[in-house]
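First the structure, in the form of structure tokens, and then the observations on it.
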Amino acid sequence: MSTIPHDHPRYASLIAREKLVEGIEQGIVSMHGLIAHGRGEAFDYLIGERTTHAALEAERVACAHLIRARHPIISVNGNAAALAGELLVRLSELLAIPLEVNLFHYTEQRAERIASHLMRLGAREVLTQRDAMIPHLSSERGRVSSKGIYAADVVLVPLEDGDRCEKLVSMGKVVIAIDLNPLSRTSRTATITIVDELQRALGNMLELASELVDAPTERLDALIQGFDNDTNLMESLRAIGHHIAEQFR
Ligand code: ATP
């Protein structure tokens, strides 16, 4: 795949770009996805390409929600499938949570390709039906599976659009977003926002979920109740400020 040397200072970032370009070639990623990724990269640079303390806390609480949920679902778009398909399948397997393909720029062909990609990576169940509507969302963007996102009490939506995130929250769902921009509408409307790069976040969540899966419910509920998203977002913004200040010391 790649001729990028392992010791290149921007190795991880360059590999992510290669995965997305491959995703375009395989018909998994949309052109718009490349632009969205660029915005994420810019914020990752500002945050120092590391998991902050605030992000780790949000990742832990997100796992507690997913474990306590009655009907959780993991929503997968093109970028998420291309960058972190394997991690998403592993999380889905570990916590027995189905995956649902959910695209902002929907085409049936792209949805089917993403589902096949996830199945090849070992997914057991990938929902692609679009037989229910998120209320107050126009046309294609609102269509979801009645057995998945529509019925879910907890939704993990890596890289969600702000408008749709807001509508899912209005439906009474716990929405867990992964978004490197702490100021995006998604970040500010989600129940839990993980301000971390998608692959780092999911890698951490796999470890945290393994630790917490057998934890007593009181511990999980205490984690959930002790979390405040706005406070956590402020901490992420402060972490960005500290990182920038350090560059000029
Ligand atoms: P919103 O609608 O929420 O205000 P937006 O218009 O910026 O935000 P989109 O363009 O739909 O959102 O999605 C891009 C978002 O995804 C950006 O906020 C970007 O920071 C984030 N993002 C992109 N790639 C990654 C990644 N690999 N990991 C985490 N976040 C990412």
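This chain uses plain numbering: 1 for the first residue, then up along the sequence. Predicted, not measured: the structure shown is a model, and the values here were computed from it. In each ligand, atom 1 is the first atom listed, and ligand 1 is the first ligand listed.
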Query raised in the report: If you count the atoms of ligand 1 from 1 in the order shown, which ones are under 4.0 Å from a heavy atom of Asn181?
Result: 18 (O), 20 (O)
Requested in this report: Among all protein heavy atoms, pick out the one at the shortest distance from atom 11 (O) of ligand 1; state its residue, atom name and that distance to 0.1 Å.
Outcome: Asp161 CA, 4.0 Å
Query raised in the report: Looking at ligand 1, does any of its N/O atoms fall within less than 3.5 Å of an N/O of Gly162?
Result: yes
Report task. Give yes if a backbone or side-chain nitrogen or oxygen of Leu180 is under 3.5 Å from a nitrogen or oxygen of ligand 1, and no if not. Result -> yes
**Report entry** Residue and atom name of the nearest protein heavy atom (relative to atom 21 (C) of ligand 1), distance in Å to one decimal
**Finding:** Asp179 OD1, 3.4 Å
Query raised in the report: Are Arg10 and Glu49 close enough for a salt bridge, meaning some N to O gap below 4.0 Å?
Result: yes
Query raised in the report: Can you tell me which residue and heavy atom of the protein come closest to atom 3 (O) of ligand 1, and the distance to 0.1 Å?
Result: Thr186 OG1, 2.6 Å
Report summary line: Residue, atom and distance of the protein heavy atom nearest atom 28 (N) of ligand 1 read Leu198 N, 2.9 Å
Requested in this report: Closest by any non-hydrogen atom to atom 1 (P) of ligand 1: pick that one out of Arg185, Glu160, Glu166, Glu197.
Outcome: Arg185
Query raised in the report: Can you find a side-chain donor-acceptor pair between Asp228 and Thr231 that sits under 3.5 Å?
Result: yes
Query raised in the report: How far is atom 7 (O) of ligand 1 from its nearest protein heavy atom, and which residue and atom name does that atom have?
Result: Arg39 NH1, 2.3 Å
Requested in this report: For Glu59 and Asn204, indicate whether the former's side chain and the latter's backbone hold a donor-acceptor pair under 3.5 Å.
Outcome: no
Requested in this report: Please say whether Phe43 places an N or O atom under 3.5 Å from an N or O atom belonging to ligand 1.
Outcome: no
Query raised in the report: What is the closest protein heavy atom to atom 14 (C) of ligand 1, and at what distance does it sit?
Result: Ala36 CB, 3.7 Å
Query raised in the report: Does Asp196 have a non-hydrogen atom less than 4.0 Å from ligand 1?
Result: yes
